Amino acid sequence: MSTKFLSIADMDQYRFCQLGINDLDEILAIEEAVYTHPWTRGNFLDSFYDHHDAWGIRDRQENLVAYFFLMPVVDEFHLLTFAVDAQKQKFGYAHIMLKKMLQIAQERNFLSIMLEVRVSNVRAIAIYRRFGFLEIGRRKAYYPAHEGQREDAIVMRIEAQ
Ligand SMILES: CC(C)(COP(=O)(O)OP(=O)(O)OC[C@H]1O[C@@H](n2cnc3c(N)ncnc32)[C@H](O)[C@@H]1OP(=O)(O)O)[C@@H](O)C(=O)NCCC(=O)NCCS
């Protein structure tokens, strides 16, 4: 494993935190900077009201660096949104967050985590694959794209148990 990346053991560098409505401005600042079609404030509020599992990472300065939202569906988590601050990418935060997701699923006896990702999001797809997610299908025209077009989603899943 490279020493360049933060790891789950570097707990003096960051801390995990559960996120709530008070964190919404910070979440939106990241979301709107990294996504072409970001979730709206209303999307996040719906997710909080539905008691989805929302987790973040804060750095030593207490700035929000990354977050994910998981929706429980019977015995599977569905990863709804996942992002790392544009200025803090490529340090290993996504890797740490994926490990955290898997740990949450294992502790709660969920069997798997499922996600959709844009076919054009080649970096995220490669990260998920390397982490152990497998492609299980495609959804045609799932996402809005530029100029009124639509884009396919790749559906991926990782076993948690
Ligand atoms: C996709 C995204 C979450 C990746 O976040 P990130 O923090 O830059 O990713 P990491 O730093 O953890 O990973 C960087 C690389 O190191 C690898 N890596 C990270 N930690 C590692 C570790 N401890 N050991 C070995 N490899 C590691 C990753 O596999 C990855 O490889 P790459 O640079 O060749 O792609 C981020 O770019 C993002 O927020 N994008 C916009 C939103 C988005 O697309 N979200 C996903 C939607 S489905």
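This one's a predicted model, so the numbers in the text were calculated from it and none came from an experiment. Each ligand, and each atom within it, is numbered from 1 in the order the structure gives.
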Going through the checks in order, is the salt bridge (Lys or Arg N to Asp or Glu O under 4.0 Å) test met by Asp75 and Arg108? CA-CA 9 Å; Asp75 54 8; Arg108 304 252 304 265; over 6 Å; no
With the threshold set at 4.0 Å, does a side-chain nitrogen-carboxylate oxygen contact exist between Lys140 and Asp152? yes
Give a yes or no answer on whether the side chain of Asp46 reaches the backbone of Asn43 with a donor-acceptor pair at less than 3.5 Å. no
Within a 6.0 Å radius of atom CD on Gln161, are there more than 12 heavy atoms belonging to other residues, nucleotides or ligands? yes
Say whether Gly92, considering both its backbone and side-chain N or O atoms, lies within less than 3.5 Å of an N or O atom on ligand 1. yes
Pairs of nitrogen or oxygen atoms closer than 3.5 Å, one from Phe82 and one from ligand 1: do any exist? yes
Identify whether NZ of Lys or CZ of Arg in Lys100 sits under 6.0 Å from the centre of the six-membered ring of Phe16 and within 45° of that ring's axis. yes
Where does the angle between the aromatic ring planes of His95 and Phe131 fall among parallel (under 30°), tilted (30 to 60°) and perpendicular (over 60°)? perpendicular
What I want to know is whether Gln89 and ligand 1 share at least one N or O pair that is separated by under 3.5 angstrom. yes
Does some non-hydrogen atom of Met97 fall short of 4.0 Å from ligand 1? no
Does the ring centre of Phe44 sit less than 6.0 Å away from the ring centre of Phe69? yes
Can you list the ligand 1 atoms lying under 4.0 Å from a non-hydrogen atom of Glu116? 48 (S)
Which atoms of ligand 1 sit under 4.0 Å from any heavy atom of Val117? 48 (S)
Closest to atom 13 (O) of ligand 1 by heavy-atom distance, out of Lys90, His95, Arg123, is Arg123
Ligand-residue contact atoms, ligand 1 with Tyr128, heavy atoms, under 4.0 Å: 46 (C), 47 (C), 48 (S)
Show which atoms of ligand 1 fall inside a sub-4.0 Å distance from at least one heavy-atom site of Ala83. 39 (O)
Would you mind running through ligand 1 and noting each atom that sits below 4.0 Å from a heavy atom of Phe91? 11 (O)
Can you hop from Ile154 to Phe133 via hydrophobic side chains spaced under 4.5 Å? yes
Best match, Ala66, Ala94, Ala33: closest heavy atom to atom 3 (C) of ligand 1: Ala94
Could you tell me whether Asn121 approaches ligand 1 through its side chain, its backbone, both or neither, with non-hydrogen atoms closer than 4.0 Å? side chain
Is Lys88 salt-bridged to Asp59, going by a charged N under 4.0 Å from an acidic O? yes
For ligand 1, is Phe131 a contact, meaning one of its heavy atoms is under 4.0 Å away? no
Return a yes/no value for Ala124: is any of its N or O atoms, backbone included, closer than 3.5 angstrom to an N or O of ligand 1? no
